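Everything below concerns the one structure shown next.
None of the values given here were measured: they were computed from a predicted structure. Every chain is numbered from 1, with letters handed out A, B, ... down the list of sequences.
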Protein chains: 2
Amino acid sequence: MKPSVVTTEPNGHVCSDCAVRGSAVCSSLDAAELREFEHLGRRVHFSSGETVFSEEDITTSFYNVLEGVMRLYKLLPDGRRQIVGFALPGDFLGMNLSGRHNFSADAIGMVTVCQFAKAPFGRFIEDRPQLLRRINELAIRELSQARDHMVLLGRRSADEKVASFLLGWRERLLALKGPSDTVPLPMSRQDIADYLGLTIETVSRTFTKLERHGTIEIIHGGISLLDPARVEALAAA
Amino acid sequence: MKPSVVTTEPNGHVCSDCAVRGSAVCSSLDAAELREFEHLGRRVHFSSGETVFSEEDITTSFYNVLEGVMRLYKLLPDGRRQIVGFALPGDFLGMNLSGRHNFSADAIGMVTVCQFAKAPFGRFIEDRPQLLRRINELAIRELSQARDHMVLLGRRSADEKVASFLLGWRERLLALKGPSDTVPLPMSRQDIADYLGLTIETVSRTFTKLERHGTIEIIHGGISLLDPARVEALAAA
DNA sequence: AAACGCAATTGACCCAGATCAATCCTGGCG
DNA sequence: CGCCAGGATTGATCTGGGTCAATTGCGTTT
């Protein structure tokens with residue numbers, strides 16, 4: 001199911017000045033290793049809404065997000081959807097034990113990834129424990145986030161969910177774009193609802209309520225935290 | 001907060017005939033490595049309800065569960081609890097990036113763990129990529145389970161949650177105790193509720209409902225699946 | 001065997017959030 | 001510029017599961 005709009009650059013890039021050089025898996029490699037590594041990955045672009053891989057697909061590649069945002073989700077047979085996370089630049093996707101992806105991933109807006117064929121990547125890792133350690137670190141970080149999200153899904157009210165989401169999302173963007181009380185939300189209300197285990201109406205109503213109380217301002221493509229302290233109180237962190 | 005009832009065996013064990021030798025982290029070590037590894041861990045016993053470690057505690061040890069069941073959970077400031085998983089023999093606990101545990105763990109019934117001091121264990125791993133790879137595998141498996149659980153918490157009804165839980169728990173015990181339609185439930189109803197994001201009343205009512213329909217039978221310390229197919233249908237797997 | 005303690009069950013009622021159903025933007029296009 | 005489509009908002013109503021409150025069942029102590 002390779003989408004037609006995907007474009008691949010034959011080779012117009014170098015890892016050494018990649019945007020995610022410092023934070024992604026490749027941060028564990030030295031300059032010499034990086035030159036070798038460069039041949040393994042190729043940049044691939046996806047446009048908004050395109051699927052990068054689907055749950056249950058055989059895993060043929062790993063992906064390193066370079067630019068943009070992706071939604072990672074699982075579907076129930078009847079169509080209910082749970083977004084298990086949003087991937088941002090520096091995130092590494094595709095690791096699994098079964099040989100099949102255990103969630104689907106698609107682009108929210110334009111996305112650039114660094115794609116690695118599974119086998120050569122596996123071979124490259126083989127004698128580079130540093131890289132393995134880095135991948136393990138990323139997995140452990142994900143796991144910690146996943147557990148936090150379980151608490152949110154299982155034990156928080158709608159207001160708390162929305163407030164936690166805004167703070168969490170701002171926090172993640174902090175590392176990428178620097179601190180700001182203006183939080184861009186590239187994903188749809190439906191995406192937010194499916195991430196928080198709510199309906200789109202509840203998300204919308206909660207935003208409106210927060211805005212009426214002067215806590216946030218809903219702006220085009222995002223929200224602005226007028227009273228961050230209030231939001232933090234609501235999140236019951 | 002070392003509990004008084006904890007007992008440590010000076011050395012009455014050998015790794016080579018450990019119950020979890022084949023499935024735990026140590027499955028990645030050969031006989032020679034195992035002998036060296038043996039000196040790193042010590043068996044520690046916990047009795048029912050004792051806390052092995054708490055969220056936010058500085059991580060001083062890693063733990064390999066040998067016997068028994070543990071509940072892993074996070075608390076909100078106001079006391080709401082979310083159980084993020086149950087640990088069984090073979091599970092490895094304590095990995096994190098922050099240097100602090102990101103959840104609490106306590107014993108459900110008698111528990112035996114193999115405890116490793118963080119620093120020596122870290123040193124041992126250093127030049128044994130096989131062990132690191134094994135730890136990574138366990139982390140990836142956990143991550144996959146965590147994502148499945150997010151779907152359950154965010155998008156399933158109470159009936160589906162309970163049915164999925166029974167099947168999932170049976171599935172996990174399968175590897176340890178062999179196949180059976182009688183599912184022991186060592187944890188309390190409250191534990192089940194906090195795992196599923198429900199209240200104790202809802203869990204109890206759902207069990208009763210299933211029993212009235214002849215789908216399960218509630219027995220002392222567990223349940224019996226009278227109609228496993230029916231339970232699977234309810235789980236909407 | 002009576003009495004206690006604690007988990008589990010059951011019942012009655014309530015409410016947060018879902019569902020159903022209109023609008024209301026807003027941006028793209030003829 | 002006016003029209004259209006898809007996302008977002010808002011309103012009205014419903015309900016699954018929570019809350020509150022007994023009651024039951026059992027294992028332990030005396």
Side-chain angles (χ1 to χ4, degrees), chain A residues 47-49 71 76 78-83 106 108-109 152-166 184-213 216-224 234 236, chain B residues 47-49 71 76 78-83 108-109 152-166 183-213 216-224 234 236:
Chain A
S47 50
S48 195
R71 61 176 157 255
L76 290 176
D78 64 1
R80 279 174 289 176
R81 183 177 71 158
Q82 177 65 45
I83 291 187
D106 40 49
I108 294 174
L152 178 143
L153 290 171
R155 288 299 182 220
R156 296 179 111 107
S157 70
D159 287 1
E160 291 169 347
K161 285 177 176 184
V162 170
S164 303
F165 166 68
L166 291 177
L185 298 176
M187 69 292 283
S188 70
R189 294 290 190 266
Q190 186 63 66
D191 288 340
I192 297 174
D194 287 347
Y195 181 61
L196 300 178
L198 297 171
T199 59
I200 186 174
E201 293 94 333
T202 299
V203 170
S204 183
R205 276 188 254 271
T206 306
F207 275 165
T208 307
K209 184 167 68 176
L210 289 175
E211 186 170 48
R212 266 201 301 269
H213 293 186
I216 67 169
E217 191 189 352
I218 301 171
I219 57 179
H220 180 70
I223 61 95
S224 189
L234 282 173
Chain B
S47 50
S48 195
R71 61 175 159 256
L76 289 177
D78 64 1
R80 280 173 289 175
R81 184 177 70 159
Q82 176 65 46
I83 291 187
I108 295 175
L152 178 143
L153 290 170
R155 287 301 181 216
R156 295 177 112 104
S157 71
D159 288 2
E160 291 169 346
K161 284 178 177 183
V162 170
S164 304
F165 166 67
L166 292 177
V183 185
L185 298 176
M187 68 292 284
S188 70
R189 294 290 189 267
Q190 186 64 66
D191 287 341
I192 298 175
D194 287 348
Y195 181 59
L196 300 178
L198 297 171
T199 60
I200 186 172
E201 293 95 332
T202 299
V203 170
S204 184
R205 275 189 254 270
T206 305
F207 276 164
T208 306
K209 185 166 68 176
L210 290 175
E211 186 170 48
R212 267 202 299 269
H213 294 184
I216 66 169
E217 191 190 351
I218 301 171
I219 59 179
H220 179 71
I223 61 94
S224 190
L234 282 173

ask   = Within this structure, what is the CG-to-P distance between Leu185(A) and dG7(D), rounded to whole angstrom?
value = 17 Å
message = If I take atom CD in residue Glu217(A) and atom P in nucleotide dT9(D), what distance separates them, rounded to the nearest angstrom?
response = 13 Å
key: Thr208(A) side chain, from C-beta outward: closest of dT10(D), dT9(D), dT9(C)   = dT10(D)
Protein-nucleotide distance (Met187(A), atom CE; dG7(D), atom P), rounded to Å = 16 Å
message = Measure CG/Leu196(A) against C1'/dA16(C) and give the value in whole Å, please.
response = 15 Å
key: Intermediate values then yes/no, side chain to side chain contact (heavy atoms under 4.5 Å, CB included), Lys209(B) and Asp159(B)   = CA-CA 9 Å; Lys209(B) 185 166 68 176; Asp159(B) 288 2; 2.9 Å; yes
Which nucleotide in dC20(C), dT9(C), dG17(C) has an atom nearest any side-chain atom of Ser157(A) = dG17(C)
task = May I ask you to evaluate whether Arg205(B) reaches the phosphate of dT10(C), defined as a side-chain N or O under 4.0 Å from OP1 or OP2?
result = no
d(CD, Glu211(A); C1', dT9(D)) in whole Å = 11 Å
query = Of the nucleotides dT9(C), dT9(D), dC20(C), which has the atom closest to the Glu201(A) side chain?
reply = dC20(C)
inquiry  = Could you tell me how far apart Phe207(A) (CZ) and dT10(D) (C1') are, to the nearest whole angstrom?
reply    = 16 Å
key: Proximity to the side chain of Arg189(A) - top-ranked nucleotide from dA8(D), dG17(D), dT9(C)   = dA8(D)
Value rounded to 0.5 Å, distance of CZ in Arg205(B) from CG in Leu198(B) = 11.5 Å
query = Angle, rounded to 10°, between the helical axes spanning five pairs at each terminus of the helix from dA1(C)-dT30(D) to dG30(C)-dC1(D)?
reply = 30°
request  = Go through the steps for Phe165(B) and Thr206(B) under the test side chain to side chain contact (heavy atoms under 4.5 Å, CB included), then give the verdict.
outcome  = CA-CA 12 Å; Phe165(B) 166 67; Thr206(B) 305; over 6 Å; no
ask   = Out of Leu153(B), Leu196(B), Leu76(B), which residue meets the side chain to side chain contact (heavy atoms under 4.5 Å, CB included) rule with Gln82(B)?
value = Leu153(B)
message = Checking contacts here: which listed nucleotide (dT10(C), dA18(C), dG11(D)) is nearest the side-chain heavy atoms of Thr202(A)?
response = dA18(C)
task = Show the numbers, then the answer: is there a side chain to side chain contact (heavy atoms under 4.5 Å, CB included) between Arg155(B) and Glu160(B)?
result = CA-CA 9 Å; Arg155(B) 287 301 181 216; Glu160(B) 291 169 346; over 6 Å; no
query = At under 4.0 Å between heavy atoms, what does Gly221(A) touch on the DNA or RNA strands: base, sugar-phosphate, or nothing?
reply = nothing
remark   = Taking for His220(A) and for Leu198(A) the nucleotide of DNA chain C with the nearest heavy atom, the one nearer the 5' end belongs to Leu198(A)
request  = Look at the side-chain N and O atoms of Thr199(B) and state whether any lies under 4.0 Å from the OP1 or OP2 oxygen of dG17(D).
outcome  = no
ask   = Any ion pair linking Asp194(B) and Arg71(B) (charged N to carboxylate O, less than 4.0 Å)?
value = no
ask   = dA7(C) P sits how many Å from Asp194(B) CG, rounded?
value = 13 Å
inquiry  = How many whole angstroms separate atom CG of Asp78(A) from atom C1' of dA18(C)?
reply    = 15 Å
Atom pair CG/CD1 of Asp191(B) and Ile108(B) - distance to nearest 0.5 Å = 4.5 Å
key: Ser204(B), nearest nucleotide to its side chain (from dT10(C), dG27(D), dT9(D))   = dT10(C)
key: Separation of Arg189(B) CZ from Ile200(B) CD1 (nearest 0.5 Å)   = 8.5 Å
